[in-house]
Structures are given as structure tokens and as C-alpha cells.
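Notes to accompany the following structure.
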Amino acid sequence: MAYWLFKTEPSECSIDDFARAPHTPVVWEGVRNYQARNMLRDNVKQDDLVFIYHSSCKLIGIAGIAKVVREAYPDPSQFDSASPYFDAKSNMEKPRWVAVDLVFVEKLPALLALDKLKSQAKLNELPLVQKGNRLSVMPVTSAQWHLILELS
DNA sequence: GCCAACGTTGGC
DNA sequence: GCCAACGTTGGC
């Protein structure tokens with residue numbers, strides 16, 4: 001089993017949206033970066049655990065945990081011309097983008113702020129805190145995962 | 001395959 | 001809203 005960190009803008013999909021319907025899978029769609037897509041497609045597996053990270057908002061940081069309940073399948077939003085994630089260059093025969101489904105696991109007692117993550121020398125290798133990193137899906141090592149849980 | 005121009009991300 | 005750092009596009 002592996003650990004991940006997925007970024008989301010809470011105005012789009014926040015940990016509270018997960019918590020409100022704790023048994024309903026959330027379709028994690030709209031990933032439009034090839035490196036992130038490759039990880040979603042090839043490495044994100046059933047039952048993997050995921051930190052839900054809030055970005056581009058007032059309180060930036062890790063907000064909670066979700067679990068993978070469905071592995072990669074064609075992202076429906078790429079075929080929906082009404083969606084902001086629509087991709088005219090994709091097609092049903094050869095879908096370009098994938099989605100996974102997640103369910104709520106828990107909300108952290110308090111949001112673990114980006115500042116605090118950056119202040120931890122042991123998290124230097126976490127892509128999130130590295131300069132210029134823009135991955136919206138990134139791997140978290142077991143050691144990093146457990147350290148972050150302790151911090152929370 | 002290079003690279004300039006443009007678009008996006010995301011913290012501040 | 002700014003802008004640094006990347007990623008993508010498309011002409012050559």
C-alpha cells in the first residue's frame with residue numbers, strides 16, 4: 001500500500017465536502033498534468049491512503065485523509081464539453097486523462113499548515129515543499145506519512 | 001528537436 | 001493581483 005498527497009482548491013472540493021458524505025465516493029477528476037496523470041494511472045492503487053491538501057485558499061495545508069476505492073479509469077470530464085476540464089483532443093477510444101475515486105477517512109483535528117510542513121527538516125524531500133513543484137498528485141513515503149500524522 | 005511565446009499553478 | 005517557476009504549444 002502506498003501513500004499520496006492530492007492538491008485541491010477547497011472552493012472546488014474540500015475535506016468538508018468529503019466529510020459531509022462520508023460513504024459516497026468522490027470522483028477525483030480534472031488532473032491535467034502528464035506527470036501527475038502517470039502516477040494516477042500507474043501507481044495509485046485500491047486502498048492507498050491520500051492526504052487531502054488545500055491550495056489557493058486562505059488556510060493552506062493538509063486538511064484530512066481519504067482512501068482510494070477505485071483505481072484509474074477514463075476521466076469523464078474530458079468528454080464533457082460543458083466542463084472546464086473538457087479536452088477536445090481526447091477521445092473515447094484513446095482517453096488522455098484518468099480519474100480515481102476516493103472516500104472520506106478523516107479530517108485532521110486541525111489543518112496542518114504549509115508553514116509547519118516547511119519548517120520540518122525531515123520533510124525536505126517531500127515534493128510539496130520543494131521550490132517550483134507544481135505536481136497535484138505526489139507520492140508520500142511511509143516515513144513522511146507517519147511524521148505528518150504525528151505533527152497533526 | 002529546438003526554443004520563444006504563451007498559459008497555468010499556487011504561494012504571497 | 002503579482003509574479004516566479006514550470007509546462008505546453010507550435011513554427012521552424
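Just so we're clear, the structure is a prediction, and the values are computed from it rather than from any experiment. Every chain is numbered from 1, with letters handed out A, B, ... down the list of sequences.
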Seminar exercise, completed: To the nearest 0.5 Å, atom OH of A/Y34 lies from atom CG of A/L40 at 14.0 Å

For this session: Give a yes/no answer on whether the side chain of A/Y53 brings an N or O atom under 4.0 Å of OP1 or OP2 in B/dG11.
Result: yes

Exercise. Taking the side chain as C-beta and beyond, is there a heavy-atom pair between A/L5 and A/L128 under 4.5 Å?
Worked result: yes

Exercise. Taking OP1 and OP2 of C/dA4, is either one under 4.0 Å from a side-chain nitrogen or oxygen of A/K131?
Worked result: no

For this session: Remember a base hit wins even if backbone is also touched, and classify A/S56 as base, sugar-phosphate or nothing at under 4.0 Å, heavy atoms.
Result: base

Exercise. Pick the nucleotide of DNA chain C nearest each of A/N33 and A/K89; which residue has the one closer to the 5' end?
Worked result: A/N33

Exercise. A/R96 CZ to C/dG7 C1': how many Å, rounded?
Worked result: 13 Å

Problem set entry | Check: A/H23 ring centroid to A/F18 ring centroid under 6.0 Å | no

Exercise. So among A/D87, A/D75, A/N33, which one has a side chain to side chain donor-acceptor pair (under 3.5 Å) with A/W97?
Worked result: A/D87

For this session: Calculate the interatomic distance between A/L59 atom CG and B/dC12 atom P; express it in whole Å.
Result: 13 Å

Problem set entry | Under-3.5 Å donor-acceptor pair between A/R134 side chain and B/dT8 base | yes

For this session: For A/M138 and C/dC6, give me the distance from atom CE to atom P, rounded to whole Å.
Result: 13 Å

For this session: Under 4.0 Å between any heavy atoms, over every strand shown, what does A/K118 touch: base, sugar-phosphate, or nothing? Just pick one.
Result: sugar-phosphate

Exercise. Looking only at side-chain N and O atoms, does A/K7 come under 4.0 Å of OP1 or OP2 in B/dG10?
Worked result: yes

Seminar exercise, completed: Taken to the nearest whole Å, CG/A/L135 to P/C/dA5 is 17 Å

For this session: Report the distance from atom CG of A/N38 to atom C1' of C/dG7, rounded to the nearest whole Å.
Result: 14 Å

